[in-house]
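Worksheet for the structure shown next.
Every heavy atom of this structure was used, including side-chain atoms; hydrogens, water molecules and symmetry mates were not. So that the names make sense, note that chain A is the first sequence line, chain B the second, and so on, each numbered from 1.
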Amino acid sequence: MIHVFNTMTRTKELFKPLQAGIVNMYVCGPTVYNYIHIGNARSAIAFDTIRRYFEYAGYQVNYVSNFTDVDDKIIKAARTAGISEHELTTKFEQAFIEDTLPLNIKPATVRPLATEHINEIIKFVADLITQGYAYVAKGDVYFRARKFPDYGHLAHQNIDDLEIGASERLDDGELARKEDPVDFAVWKGANPDEAITWDSPWGPGRPGWHIECSVMAIKYLGDTIDIHGGGQDLAFPHHTNEIAQSEAHTGKKFANYWLHNGFVTVGDDNEKMSKSLGNFVTVHDLLNEVEPQALRLMMATTHYRRPLAYTKTAIAEATQVVKRLQTAYTNLDFRLQQDDASPVEDSNLAAQVTAFKLKFMQAMDDDFNVANAMTVINDFTTALNVYAKATNVSSLTGHDALREFAAEVMVLGVNVQPSLDEENTKWIDEKVATRDAAKKAKDYAQADMIRAELKAQGIILEDTAQGTRWKKE
RNA sequence: GAUGGUAUAGCCAAGUGGUAAGGCAUGGGUCUGCAACACCCUGAUCGUCGGUUCGAAUCCGAUUACCAUCUCCA
């Protein structure tokens, strides 16, 4: 019984999908005019973790996340770089894929592009005009926000309280064309010097900012979707406008649950990180400095609705934890490979594993309470470590435990299974064998020398009751 | 001005009425030929003030501080 916090109602609600066993979710993706920053990554990781938990819990998840590949910033950035908009967006779409891969962010089921849905967008806009919800004004098309009842409910903004132009970025010309300052563009007429335009019944132009998400969400997931997600800052105006235009168009509820992730803050004063403040860190740069799995864990274990303070100490701590999780997995795995491991079930361990799974799900069912889930994973880790030192172990149940452990940790996006590289490690095994012989002969001087020699090459030896295991530093 | 969020040990953080989970760090111990890994032990009365209650971090009121949103932003 999964409960999620719905921004629309500001309460935790029991999650009930429209179709049993299937979750249709749409998450607003980045505008691709630069490398993604850690705020984008946080959002992607938050919803990837949610997605992975649904999948762990047995749901099929249809996860649609877009690239917004046409807007003012793209036009500006392309012009600065001296390349076409398409070249620019293609480059950063590719970079998104490359940068999110090491963070174990699963690719979306569908990753649609605004520019590949222009016909559908034009049709959608035309329908809104026919319905009387939108009007043409000198090549632009605006949505009559006041005509939509309950406008602003999602962000809990009263339409009359909206401070017009509070961000001081409103274009006066646009303001003059609007019937009402709260109206928003669904289609923007082209400026004479803009190359990236499409023909429409209202003249050349391009989609407004919010329309692509409405069109693509409905196209790929249906008129009503289960979950719509994105960053907190999107609640207003982006999602508010999506709701207005979508529900005006279909006459149906657009999304049953609205989930919003909190911001990333940086620096000592915990200031919001954003592109406009210029204090952002790109994932592209960060991946050269930090262990990707540590970054992933750090972000995944901060509850998605809370602000996430990006600090070096948080990364350092996460690095320790990742190591601890991986060590536990590897050490028990080593123990189970020993000849004395029994093929018979260990009912005691099996019961523990069942209990951990139950507790893990209880934690995650509560609006993805990762902090409590981590408590379970920590207990699980300790149990694995204890078992790895046990005199009698069951290979059968031990492997079951490892599988369940890895699955739970993978919900958070961390892989504890060592990658199997093909390189030749025979020489290490030989050194270890030589050292073991020296140890048996109580020639500790030679044994220590071999250990030091391997250490110099980044190989750590660890003696156990069943023999010596090695790992890379 | 409107609308939200946050305040718990050195740091991160769970906990919505019954005498404060967990992690990191610190210190001590066990295991080990030594080491490593691991395991065990070690810490706070919950921003401030007042109220309700047999009992509050948890409810109510006030207050302080910090952060965010109000048509560029994940």
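- For A/Pro237, taking side-chain heavy atoms from C-beta onward, the closest of the listed nucleotides B/A14, B/U71, B/A74 is B/U71.
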Might you list the N or O atoms of the protein lying below 3.5 Å from N or O atoms in nucleotides 24-27 of chain B, with each pair's distance?
unit_1 : atom_1 : unit_2   : atom_2 : d
B/C24  : O4'    : A/Glu317 : OE2    : 3.4
B/A25  : OP1    : A/Gln320 : NE2    : 3.4

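- Between A/Gly231 and A/Ala383, the one whose closest nucleotide on RNA chain B sits nearer the 5' end is A/Ala383.
- Among B/U71, B/A74, B/U6, the nucleotide with an atom closest to any side-chain atom of A/His37 is B/A74.
- At a threshold of 4.0 angstrom between heavy atoms, the contacts of A/Gly262 include nucleobase atoms, whether or not backbone atoms are also involved.
- A salt bridge is defined here as a Lys NZ or Arg NE, NH1 or NH2 lying under 4.0 Å from an Asp or Glu carboxylate O, and A/Asp448 with A/Lys455 fails to meet this definition.
- If you check B/A74, B/G33, B/U6 against the side chain of A/Ser43, the one that comes closest is B/A74.
- Counting non-hydrogen atoms under 4.0 angstrom, A/Gly39 reaches a base of the nucleic acid.
- No donor-acceptor pair under 3.5 Å is formed between the side chain of A/His249 and the backbone N or O of A/Gln245.
- Closest to the side chain of A/Ile460, out of B/C37, B/U71, B/A36, is B/A36.
- Side chain A/Asp448 to base B/G33: a donor-acceptor pair is found below 3.5 Å.
- Straight-line distance from the CZ atom of A/Phe368 to the P atom of B/A13: 20 Å, rounded to whole Å.
- Residue side chain A/Lys389 reaches the base of B/C37 through a donor-acceptor N/O pair under 3.5 Å, judged by distance alone.
- Legend: residues meeting salt bridge (Lys or Arg N to Asp or Glu O under 4.0 Å) with A/Asp463, ordered by chain and number and at least two apart, are A/Arg435, A/Lys439.
- Among the heavy atoms of the strands, none lies under 4.0 Å from A/Ile38.
- B/C37 and B/A25 have their P atoms separated by 11 Å, with the value rounded to a whole Å.
- Between B/G33, B/A74, B/A21, one nucleotide has an atom nearer to the side chain of A/Thr31 than all others, and that is B/A74.
- The side chain of A/Arg306 approaches B/A7 more closely than any other nucleotide in the set B/C34, B/C37, B/A7.
- In this structure, the nucleotide among B/C37, B/U71, B/G33 sitting nearest to the side chain of A/Lys439 is B/G33.
- Atoms CZ (A/Arg305) and C1' (B/A68) sit 15 Å apart, rounded to a whole Å.
- When rounded to the nearest whole Å, the span between CZ of A/Phe236 and C1' of B/U3 equals 11 Å.
- A/Asp346 and A/Tyr387 share a side-chain donor-acceptor pair at under 3.5 Å.
- In this structure, A/Asn261 reaches the bases: a heavy-atom distance under 4.0 Å links it to at least one base atom across the strands shown.
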Would A/Met25 and A/Val64 count as a side chain to side chain contact (heavy atoms under 4.5 Å, CB included) if you check the C-alpha gap in whole Å, the side-chain angles of each, and the deciding distance to 0.1 Å? CA-CA 6 Å; A/Met25 62 190 288; A/Val64 179; over 6 Å; no
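- Across all strands shown, B/C31 remains unpaired; no Watson-Crick or G-U wobble contact has both distances below 3.5 Å.
- Counting distance only, with no hydrogens placed and no angle test, the side-chain atoms of A/Asp463 and the base atoms of B/C34 include a donor-acceptor pair under 3.5 Å.
- A heavy-atom distance below 4.5 Å is not found between the side chains of A/Tyr151 and A/Arg146.
- Side chain of A/Val264, nearest nucleotide from B/A38, B/A74, B/A21: B/A74.
- Pairing partner, B/A21: none, since no Watson-Crick or wobble contact has both distances short of 3.5 Å.
- Distance from the side chain of A/Asn385 is smallest to B/A38 among B/A14, B/U69, B/A38.
- Between A/Phe96 atom CZ and B/A74 atom C1' there is a gap of 10 Å when expressed in whole angstrom units.
- At the heavy-atom level, A/Thr382 lies under 4.0 Å from the strands shown only through sugar-phosphate atoms.
- Aromatic ring centres of A/His303 and A/Phe368 lie farther apart than the 6.0 Å criterion allows.
- Remark: the A/Arg451 side chain and the B/C34 base include a donor-acceptor N/O pair separated by less than 3.5 Å.
- For A/Thr375 and B/A14, a side-chain-to-base donor-acceptor distance below 3.5 Å is absent, hydrogens and geometry of angles not being considered.
- Pairs engaging residues 367-385 of chain A under the salt bridge (Lys or Arg N to Asp or Glu O under 4.0 Å) rule: A/Arg305-A/Asp367 [sequence neighbours left out].
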